[in-house]
Amino acid sequence: MPFDGTEFFRDQGLPAGGAIARWLRSAGARVRQLHTRLRAAPDPIDAAVLRVLEEARGLIEQREDWTQGILETFRGERCAVGALRLAAEFLNYEAAGRLAYARLAEIAAERGFSSIEAMNDYSRHEAVLSAFDTAITAVRR
């Protein structure tokens, strides 16, 4: 006798024979519909970039959480790039992280720096936060 699961389903009080296949198909369809309804829509890319920038700024907002010359210290201090990378990784927004980096790099270039790293290493903490604020404002528009 081949195993087609009929005995198992009969013991569970489920329909027998061809009705089992129909019941399974309809149950699968209901599960897919529910999954589609419950699944959250992905953030639009601009909203994701904004979130990465805001989170990264928040990571270095306090002077004691910011550093120069290194991405991250053992104490958890981060530079601007380290904060961007951590925020994008934590939020699982890789593409948004790259776009946030590009936006901040544009602002660093406008301010006369060759990179975000150079801006971070040769500027005061307030100037770095100001660059993040400028990037956040630009993305919101």
Side-chain angles (χ1 to χ4, degrees), residues 2-141:
F3 177 74
D4 61 0
T6 307
E7 291 81 18
F8 174 75
F9 287 118
R10 251 189 235 139
D11 293 342
Q12 300 276 327
L14 300 174
I20 291 174
R22 287 191 302 276
W23 183 84
L24 288 173
R25 279 194 299 272
S26 67
R30 286 191 302 270
V31 168
R32 284 189 297 277
Q33 288 172 349
L34 180 62
H35 181 60
T36 302
R37 250 186 273 148
L38 294 177
R39 187 176 8 164
D43 287 343
I45 192 69
D46 287 340
V49 170
L50 180 63
R51 181 126 186 250
V52 168
L53 285 167
E54 289 173 340
E55 293 293 328
R57 187 193 187 283
L59 288 169
I60 61 169
E61 189 168 16
Q62 299 300 316
R63 173 70 178 93
E64 59 269 6
D65 294 332
W66 177 70
T67 190
Q68 293 175 303
I70 189 168
L71 288 176
E72 184 175 4
T73 67
F74 287 112
R75 292 185 306 232
E77 301 166 332
R78 291 170 189 83
C79 73
V81 175
L84 276 174
R85 287 182 181 178
L86 181 65
E89 183 180 313
F90 179 77
L91 295 169
N92 199 22
Y93 288 159
E94 291 179 31
R98 288 190 297 273
L99 292 171
Y101 182 92
R103 175 69 67 174
L104 203 56
E106 289 173 10
I107 292 166
E110 288 172 6
R111 294 180 178 199
F113 295 100
S114 60
S115 64
I116 300 170
E117 292 88 345
M119 179 184 68
N120 184 84
D121 293 346
Y122 299 107
S123 298
R124 292 186 342 249
H125 180 242
E126 296 79 20
V128 174
L129 292 180
S130 172
F132 271 98
D133 292 337
T134 304
I136 289 169
T137 302
V139 171
R140 282 189 178 146
R141 289 186 187 153

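What you see is a predicted model, and the numbers here were worked out from it, not measured in a lab.
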Would a distance-only check, ignoring hydrogens and angles, find a side-chain to backbone donor-acceptor pair under 3.5 Å from His125 to Ile60? yes
Side-chain (Thr134) to main-chain (Ser130) donor-acceptor, under 3.5 angstrom: yes
Minimum heavy-atom distance Leu59-Ala87, with the two atoms named: CD1-N, 4.2 Å
Counting only heavy atoms not in Glu89 (residues, nucleotides, ligands), do more than 12 fall under 6.0 Å from its CD? no
Starting at CZ of Arg85, measure out to SG of Cys79 and round the result to the nearest 0.5 Å. 8.0 Å
Hey, what do you get for CG (Leu50) to CZ (Arg103), rounding to the nearest 0.5 Å? 11.0 Å
Shortest non-hydrogen contact between Leu104 and Ala131, atoms and distance: CD1-O, 3.6 Å
Within a strict 4.5 Å, meaning less than it, do heavy atoms of the Val52 and Leu99 side chains meet? no
Donor-acceptor pair, distance only, cut-off 3.5 Å: does the side chain of Gln68 make one with the backbone of Asn120? yes
Would a 4.5 Å heavy-atom cut-off, applied to side chains only, mark Tyr93 and Arg51 as touching? yes
Under-4.0 Å salt bridge between Arg140 and Glu54: yes
Any non-hydrogen side-chain atom of Leu84 less than 4.5 Å from a side-chain atom of Phe132? yes
Would you check if the side chain of Arg111 reaches a backbone N or O of Ala127 as a donor-acceptor pair within less than 3.5 Å? yes
Trp66 and Ser123: which non-hydrogen atoms are nearest, and at how many Å? CH2-O, 3.5 Å
Considering non-hydrogen atoms only, spot the tightest contact between Ala88 and Gly97 and give its length. CB-CA, 3.6 Å
CZ of Arg78: more than 12 outside heavy atoms within 6.0 angstrom? yes
Between Arg57 and Glu61, is there a salt bridge with N-O shorter than 4.0 Å? yes
Quick one: does Val49's side chain get under 4.5 Å of Leu53's, heavy atoms only? yes
Counting only N and O atoms by type, is there a donor-acceptor contact under 3.5 Å from the side chain of Asp65 to the main-chain atoms of Glu77? no
Provide the closest heavy-atom pair for Thr67 versus Ile70 in the form atom of the first, atom of the second, distance. CG2-O, 3.5 Å
